[in-house]
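One structure is given here, and the rest of the page talks about it.
By convention in this document, chain letters (A, B, ...) are assigned in the order of the sequence lines, proteins followed by strands, and residues within each chain are numbered from 1. Quantities reported herein were computed from a predicted structural model and do not represent experimental measurements.
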Amino acid sequence: MRYSEMFLPTGRETPSDAEVISHQLMLRAGMIRKLTSGIYSYLPLGYRVIKKVEQIVREEMDRAGAQEVFMPAVQPAEIWMESGRWKMYGKELLRFKDRNNREFCIGPTHEEVITEIVRNEIQTYRQLPKNLYQIQTKFRDEIRPRFGVMRCREFGMKDAYSFDVDERGAEISYGKMFEAYTRIFSRCGLQFRPVEADTGSIGGSFSHEFLVTADSGEDGMVYCTSCDYAANLEKAEIDRPEKYEVEESELLPVEEVYTPDVRTIEEVCQFLDVTARDVVKTLIFVADDSPIAVLIRGDVEVNEIKLRNYLGCDSLELATDDIVFEVTSSPKGFAGGIGIKSDIIADYSLINMKNFVMGANKENYHVKNCNMERDFAVKDFADVRMIEETDTCPRCDSPIKFARGIEVGHVFKLGTKYSKAMKATFLDKDGKDKYMIMGCYGIGIGRTAAACIEQNHDNDGIIWPLSIAPYHVIITPVNINDEKIATVAEKLYADLEKRGVEVILDDRDERAGVKFKDADLIGIPLRITLGSKKLSEGKVEVKFRKSKDVDEVALYNVEDFIVKTVHEGLGER
RNA sequence: CGGGGCGUAGCGCAGCCUGGUAGCGUACCUGCCUUGGGAGCAGGGGGUCGUGGGUUCAAAUCCCGCCGCCCCGACCA
C-alpha cells in the first residue's frame with residue numbers, strides 16, 4: 001500500500017490518558033481509537049495485526065482438530081437461567097430487554113449457547129468427541145476498564161468448547177488445546193508461561209492460564225527454579241508444615257494485657273515488643289451470609305481465592321464493623337480466637353505457633369501466650385494464605401521466584417458443570433444416558449497483540465515480529481522528488497507485491513527523518529532505504545527494526561533478499 | 001461503589017486563585033527555502049472553553065446540579 005493513500009494517523013505526543021506502553025504506542029501508531037470507556041475501534045493498521053493473530057489462531061485450532069463456528073453475541077436470559085449464571089454472573093453481564101420486554105444479555109462467553117446447540121444435535125457417543133470454536137466480540141461490563149485494549153469491556157476473543165464421553169477423553173482434548181496454545185503464542189513471538197490457575201466464575205475442575213511475562217502484567221505468578229511448577233499467585237499452593245514440638249517452649253499461662261488503641265499488627269508488635277511472626281491476626285469474613293473467623297500468622301496475607309474455594313461459598317467478603325462487633329463483642333482491631341462467636345479456620349501457618357499474641361475480643365486488650373486447643377478450638381486447618389517469595393516449591397521444595405504476566409489465554413477443564421445444568425447428555429456404549437465432559441478454552445485476541453507490544457518495543461516505537469506485523473516491509477525513498485529514486489522505489493514496490501510480500505511504499509513528500517520516525521513507530525520489521533548516494537553505487541540499505549542492523553544489498557538482489565528474509569522469518573520453507 | 005484528578009483547537013497544555021477582546025507548542029492550509037532521523041522563514045484557517053442553571057453590567061474564570069474521562073481501592077474468565 002502507498003503510504004500517501006493510507007489511513008494511518010500517527011502521533012508524536014503520548015496521549016495523556018494512556019498508562020501502559022502498549023496502549024500509548026497503539027494510540028500513537030494509529031492502530032486504535034477509543035469510542036468510550038473500555039470500547040475501542042481498530043483502525044486499518046491495528047486491524048491488520050488483529051487479523052494476523054486470528055489467522056494464526058485459526059490455523060492452530062484447525063490443526064488441533066477443532067472446527068470454527070459463529071454464535072450470536074446477543075443471548076436470551078433463559079439459557080443463562082438454566083445454567084444458573086443469570087444470578088451468579090453479577091454486574092459484569094450486560095443485560096437488557098427487547099421491545100417485548102424479554103430479557104437478554106450480550107455474551108461475555110458462550111458456554112450456554114454452545115451447550116444448547118450440542119445437546120440438541122448430539123445423541124450418541126459415536127458423535128463425540130467434538131471441539132467447536134469461534135472468534136467473536138465479547139462484552140464484559142468491567143468494573144474498571146484500563147490499559148487500553150488490555151482490559152476493556154468489548155473485546156475480540158477466541159473461545160473453544162470441547163465435548164467428550166469421559167474424563168480421559170476430556171483430558172486428551174485439554175492436552176490438545178494446551179499444545180495448540182503453546183504453538184499459537186510461540187508463533188506470535190511471545191515469551192510466555194502456562195501456569196496453574198483458579199477456575200473462577202467459569203467453574204470446573206482445573207485450568208491453566210497462559211501468561212505473557214511482562215512487568216506491567218496484572219497477574220502475579222510464582223514459578224519453581226528447579227521443576228516445572230508454575231502457578232498464578234492466587235492459586236499457588238503451600239504445603240502443610242510438619243508438626244514439631246519445640247522443647248524449650250512449654251506452654252505459658254495466658255495473660256491479658258492492656259493495649260489501649262493498639263489495633264494493627266504493626267502497632268501490636270511495637271507495643272509488646274514482639275515480631276509479626278509471634279502474632280496471630282484474626283480476620284472476620286462473611287461467607288454466603290454467615291460469619292467465619294480466619295486465623296493467620298501476623299506476617300502473612302490471607303488468600304481470599306483459596307479461602308473461597310475451601311469454604312465452597314459463592315460470596316466472600318470482609319465483615320463490616322457491626323458484624324465484627326457482633327462476633328467479637330469488640331470494635332475492629334481486637335479480634336481473637338478466644339470466646340469468638342463463630343467457627344474458626346486456622347491457616348497452616350499457625351500449626352507450629354506457641355504462646356502467641358492475639359486480640360482479646362475486648363476493646364483495648366490483647367492476650368499473650370495463647371495456645372490452640374488449650375485456649376480455644378479450631379474447626380479446621382487449611383491452606384488459605386498468599387504464597388511468599390521465601391516459601392519453597394510445593395512440588396519439589398526448591399526455591400521459587402515471582403514474576404508478573406498478562407493473561408492471554410486460559411484453558412479450563414469444566415467437567416459436567418454445564419452439561420448437568422443444561423442436560424447435555426449422550427447415549428453411551430452401555431446404553432445409558434451420560435453427561436458430556438466439557439472443556440473451554442479462551443484467547444484474548446486484542447490482548448495478545450497488546451502483550452506483544454509490551455514485550456517488543458523500544459524508545460522509537462513498536463517492534464513487530466514478522467508473524468503478526470501489519471506489513472513485512474516498508475520502502476523509504478529518502479526523496480520522492482528525485483526521479484531516479486522514485487522510479488526504483490516504484491519498481492521495487494510492484495515487484496515485492498507480486499512476490500506476495502506485504503509492503504508499504506512511503507511515497508509521501510516528507511523529509512527522510514519524518515519517514516524514519518513513522519516507520520520505527522509503527523514497527524515494520526524490515527525497511528528498505530533508498531538514497532541517491534547508495535543508489536548510484538547500485539546499492540540499497542535494508543534495516544532490521546529489531547536489531548537495528550543495516551545490510552547493504554545490491555539493487556538487483558534486494559527483491560530476492562527480502563523474499564527470503566520474510567519467508568525465513570515466518571518459518572516457511 | 002468509596003477516594004482523588006481532569007474536561008479550553010486533531011493532539012499536548014497554559015489561562016481560572018484575583019471575572020473584563022481565548023492563548024502557547026504541535027498538527028493542518030498557502031508560498032519560499034530545504035531534503036538521510038519528527039528542518040527554517042513568512043502568511044493563514046480552526047475553539048458552543050463538557051453540559052444545564054445561578055450570581056454579575058460582564059463568567060473559561062465564582063456558586064450549584066448533571067455528564068464524560070483518567071488514576072487509586074474494592075471487584076473481576
Side-chain angles (χ1 to χ4, degrees), chain A residues 9-20 23-24 27-28 30 33-39 85 88-93 107-111 138-148 151-153 155 157-161 197-204 207-211 218-219 232 234-235 304-305 308 315-318 320 406-412 414 417 439-444 447 459-461 476-482 485-486 506 508-522 527-535 540-541 543 548 550:
Chain A
T10 59
R12 188 193 314 220
E13 318 227 29
T14 302
S16 57
D17 56 2
E19 278 273 297
V20 294
H23 188 197
Q24 294 171 359
L27 253 10
R28 284 188 56 205
R33 286 296 181 262
K34 183 171 69 186
L35 213 211
T36 184
S37 179
I39 300 182
R85 288 206 292 185
M88 290 303 304
Y89 218 96
K91 287 187 183 167
E92 213 176 300
L93 183 64
T109 172
H110 281 68
E111 280 82 7
K138 308 283 197 237
F139 194 94
R140 294 181 188 176
D141 200 354
E142 288 281 347
I143 243 164
R144 184 146 91 85
R146 57 184 126 179
F147 305 148
R151 185 168 206 77
C152 48
R153 298 194 293 171
F155 59 100
M157 173 170 153
K158 186 283 304 178
D159 48 322
Y161 305 90
D198 183 64
T199 51
S201 74
I202 288 259
S207 87
H208 285 86
E209 287 173 343
F210 284 75
L211 298 185
E218 291 189 89
D219 288 277
N232 191 302
E234 57 189 32
K235 169 80 178 177
E304 290 192 27
I305 306 270
R308 186 188 302 248
S315 80
L316 179 76
E317 47 194 30
L318 268 173
T320 52
I406 300 160
E407 180 189 359
V408 289
H410 203 157
V411 294
F412 295 86
L414 286 176
K417 174 170 171 165
C440 79
Y441 317 93
I443 289 179
R447 194 184 271 190
N459 283 338
D460 292 315
T476 306
V478 156
N479 182 359
I480 201 74
N481 298 317
D482 181 320
I485 293 177
D506 194 346
R508 294 175 299 168
D509 185 10
E510 287 284 358
R511 301 169 63 84
V514 174
K515 298 187 185 186
F516 293 152
K517 287 290 183 192
D518 275 332
D520 287 348
L521 177 61
I522 65 177
R527 187 183 83 201
I528 305 173
T529 315
L530 304 176
S532 55
K533 197 171 163 197
K534 286 275 154 42
L535 213 51
V540 302
E541 287 171 13
K543 177 158 184 174
K548 294 191 164 83
V550 179

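Nucleotide B/C1 forms a pair with B/G73, judged by Watson-Crick or G-U wobble geometry with both contacts under 3.5 Å. Base pairing annotation: B/U48 forms no Watson-Crick or G-U wobble pair, as no partner gives both donor-acceptor distances under 3.5 Å. Nucleotide B/C33 forms a pair with no other nucleotide shown, judged by Watson-Crick or G-U wobble geometry with both contacts under 3.5 Å. B/C6 is paired with B/G68 under the criterion used here, namely a Watson-Crick or G-U wobble arrangement in which both key atom distances are under 3.5 Å.
Look at A/Ser532 and you won't find any side-chain N or O under 4.0 angstrom from OP1 or OP2 of B/G36.
Here the CD-CZ distance, from A/Glu92 to A/Phe139, works out to 10.0 Å after rounding to the nearest 0.5 Å. Here A/Asp159 contributes atom CG and A/Cys440 contributes atom SG; the two are 8.0 Å apart, rounded to the nearest 0.5 Å.
Between the side chain of A/Asp520 and the base of B/G37, at least one donor-acceptor pair of N or O atoms lies under 3.5 Å.
Heavy atoms of A/Arg28 sit under 4.0 angstrom from at least one base atom. When heavy atoms are screened at a 4.0 angstrom cut-off, A/Thr476 is found touching no nucleic acid atom at all. Residue-level contact check: A/Arg527 touches the bases, meaning some heavy atom is under 4.0 Å from a base atom. Among the protein residues, A/Lys34 comes within range of the sugar-phosphate backbone only, with heavy atoms under 4.0 Å from sugar or phosphate atoms but none that close to a base. A/Asp159 comes within contact range of no nucleotide atom at all, as no heavy-atom separation falls under 4.0 Å. Within 4.0 Å (heavy atoms only), A/Arg308 reaches sugar-phosphate atoms of the nucleic acid but no base atom.
Comparing the same atom, C1', in B/A9 and in B/G2 gives a spacing of 36 Å after rounding to whole Å. For the C1' atoms, the distance from B/A74 to B/C28 is 45 Å, rounded to whole Å.
Ion pairing of A/Asp17 with A/Lys34 is present here, as a side-chain N (NZ or NE/NH1/NH2) and a carboxylate O approach within less than 4.0 Å. Salt-bridge check for A/Glu142 with A/Arg151: passed, with a basic side-chain N closer than 4.0 Å to an acidic carboxylate O.
Taking only side-chain atoms of A/Arg144, from C-beta outward, the nucleotide of B/G38, B/C76, B/G73 with the closest atom is B/G73. Picking from B/C13, B/C75, B/G38 the nucleotide with the shortest atom distance to the side chain of A/Ser16 gives B/C13. Of the candidate nucleotides B/G37, B/C72, B/C69, B/G37 has the atom nearest to the side chain of A/Lys543.
Nearer the 5' end of RNA chain B, as judged by each residue's closest nucleotide, is the contact made by A/Leu521, out of A/Arg151 and A/Leu521.
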